[in-house]
Amino acid sequence: MLADSIVSKISLESAAFNQKRDYQASQSPKVVRNIKRNVVFPLPLTVSTQNKIIRVDNEHGIGKFRRRRLPEYEIFTSDELTKKFHGRVLEFFNHGCEVHFFMTWIAKVGSFGRREIMAVESVFKAHPNGCLMILSRTMDSVQGYRILKPLLDRGFKVLAVAPDFPFLVKNTPAEAWLDDMKSGKKDPGEIPLAQNLSNLLRLAVLYKYGGVYLDTDFIVLRSFKGLKNTIGAQSIDVVSKNWTRLNNAVLVFDMNHPLVLKFIEEFALTFDGNKWGHNGPYMVSRVVRGVEGRAGYNFTILPPMAFYPVDWMKIGSFFKLPKDSAGWRRIEAKVWQLKRQTYGVHLWNKQSSKLMVEEGSVMGRLMAENCVLCKHVNSS
């Protein structure tokens, strides 16, 4: 019992909540409205000139609007723990962090499993001196501390912190959205609310502090240190090579970046909890299409190979062993390509979470080469 109390104190509170560090607002010298393609890092990349969106609405659970009061969600509230959030962020990132990373986890602590740990490990394999903050009330606990302790024992800088949601959205367009959601004036919809809260939380924390946001099903393969104000294309037109859809699983932005503010505004104004992706990938695509050609924005769009080298419909092929010698050659060629042209691989957990990682498969190779604890690599 005493040990649990000590661990709890370490987990829930930082040694000091020093707020002396100021961040500089990002500059916006030009509009970058094109996609970088034909990637061979680290050479400069060529760009295309026109982009468009192919909207494919996946209408899961769409029905008539039903006004209902939202159940009490702890993440909406501020308490003694969350009120320390800002100080904990400043203190944590005030220790020579090479890159500032954020992840979100709005699920039970027991669900933070091997796949998520592998994603965290890959961050530190590529960034030994990086810092990762996991925004999560459930992980900011004794059990969460125990999950992360093997990494802490190795000297890696990782911390789970309960976010102060009202503080993060204050003075942004999402402040009114949160008030309406809490009061029951806005329908949360049929899509799991946690998914949409994560969509907003990643934007709010990047706007407030700047840094790199990663989904917890993303395996990092190379350093993000050279990236700045970047978003990735999920798909491109096979003929024109122009992007057709962006994704928000990886976001790299400076503090107070105007594009991130536009994302937050679009989220709040057009929120629809009944359409999958409407407040996430489709939302960032809508915004980028709308700001192209306008002064005051500075951002880069990387091609699918940067963050999404395999489509969600084909992710299963990365987990399987080949059946013949030609298949082995394809695996070797794919791993070689990914190592040279990819920052990381999005695992599309919705499609791949039940798959076993077969030893020797593309994913097996990538996980084995990009882990730091390297336990249970070949598992779901």
Is there a side-chain contact (heavy atoms from CB on, under 4.5 Å) between Val250 and Phe224? Walk through the geometry before answering. CA-CA 11 Å; Val250 180; Phe224 278 56; 3.7 Å; yes
Stepwise side-chain hydrogen bond (donor to acceptor under 3.5 Å, both in side chains) test for Ser235 and Thr244: CA-CA 6 Å; Ser235 58; Thr244 55; 2.6 Å; yes
Determine, step by step, whether Val169 and Trp177 satisfy the side-chain contact (heavy atoms from CB on, under 4.5 Å) criterion, reporting the C-alpha distance in whole Å, the side-chain angles of both residues, the deciding distance to 0.1 Å, and the verdict. CA-CA 9 Å; Val169 301; Trp177 176 89; over 6 Å; no
Show your working on salt bridge (Lys or Arg N to Asp or Glu O under 4.0 Å) between Lys228 and Asp254 and close with a plain yes or no. CA-CA 7 Å; Lys228 184 180 179 67; Asp254 292 339; 2.7 Å; yes
So Asn248 and Tyr213, side-chain contact (heavy atoms from CB on, under 4.5 Å) or not? Walk me through it. CA-CA 9 Å; Asn248 64 335; Tyr213 168 80; over 6 Å; no
Give the C-alpha distance, both sets of side-chain angles, the deciding distance and a yes or no for side-chain hydrogen bond (donor to acceptor under 3.5 Å, both in side chains) between Arg202 and Ser198. CA-CA 6 Å; Arg202 71 190 68 180; Ser198 176; 2.8 Å; yes
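Across every non-hydrogen atom of Phe253 and Thr230, the tightest pair is CE1-O, 3.6 Å. In terms of heavy atoms, Glu121 sits closest to Val372 at OE1-N, 2.8 Å. Taking every heavy atom of both residues into account, Gly277 and Gln195 meet most closely at N-NE2, 4.3 Å. In terms of heavy-atom proximity, Lys157 sits nearest to Gly96 at NZ-O, 3.9 Å. In terms of heavy-atom proximity, Leu132 sits nearest to Val120 at CD2-CG1, 3.6 Å.
A salt bridge links Asp79 with Arg137: the distance from a Lys NZ or Arg NE/NH1/NH2 to an Asp or Glu carboxylate oxygen falls below 4.0 Å. Salt bridge status for Glu91 with Arg88: absent, with no side-chain N to carboxylate O gap under 4.0 Å. Between Asp217 and Arg115 there is no salt bridge, since no side-chain nitrogen of the basic residue lies less than 4.0 Å from a carboxylate oxygen of the acidic one. Salt-bridge formation is detected for the pair Glu332/Arg365: a Lys NZ or Arg NE/NH1/NH2 atom is positioned less than 4.0 Å from an Asp or Glu carboxylate oxygen.
Taking the six-membered ring for Trp and the full ring otherwise, the centers of Phe102 and Phe93 sit less than 6.0 Å from each other. The distance between the ring centers of Phe271 and Phe267 falls below 6.0 angstrom. If you look at His127 and Phe101, their ring centroids are closer than 6.0 Å.
Ile231 places none of its side-chain heavy atoms less than 4.5 Å from the side chain of Trp243. Put simply, the side chain of Leu347 reaches to within 4.5 Å of the side chain of Met363, judged on heavy atoms.
Ring orientation note: the planes of His86 and Tyr209 are close to parallel, at an angle under 30° on the 30°/60° scale.
Side-chain N/O atoms of Asn247 and Gln234 include a donor and acceptor closer than 3.5 Å. A donor and an acceptor atom, one from each side chain of Asn279 and Asn199, are nowhere located under 3.5 Å apart.
Of the possible donor and acceptor atoms, one in the side chain of Arg222 sits under 3.5 Å from a partner among the backbone N and O of Arg340.
How far CG of Leu206 is from CG of Leu259: 11.0 Å, rounded to the nearest 0.5 Å.
The only option from Val220, Ile219, Leu221 that meets the side-chain contact (heavy atoms from CB on, under 4.5 Å) definition with Thr342 turns out to be Leu221.
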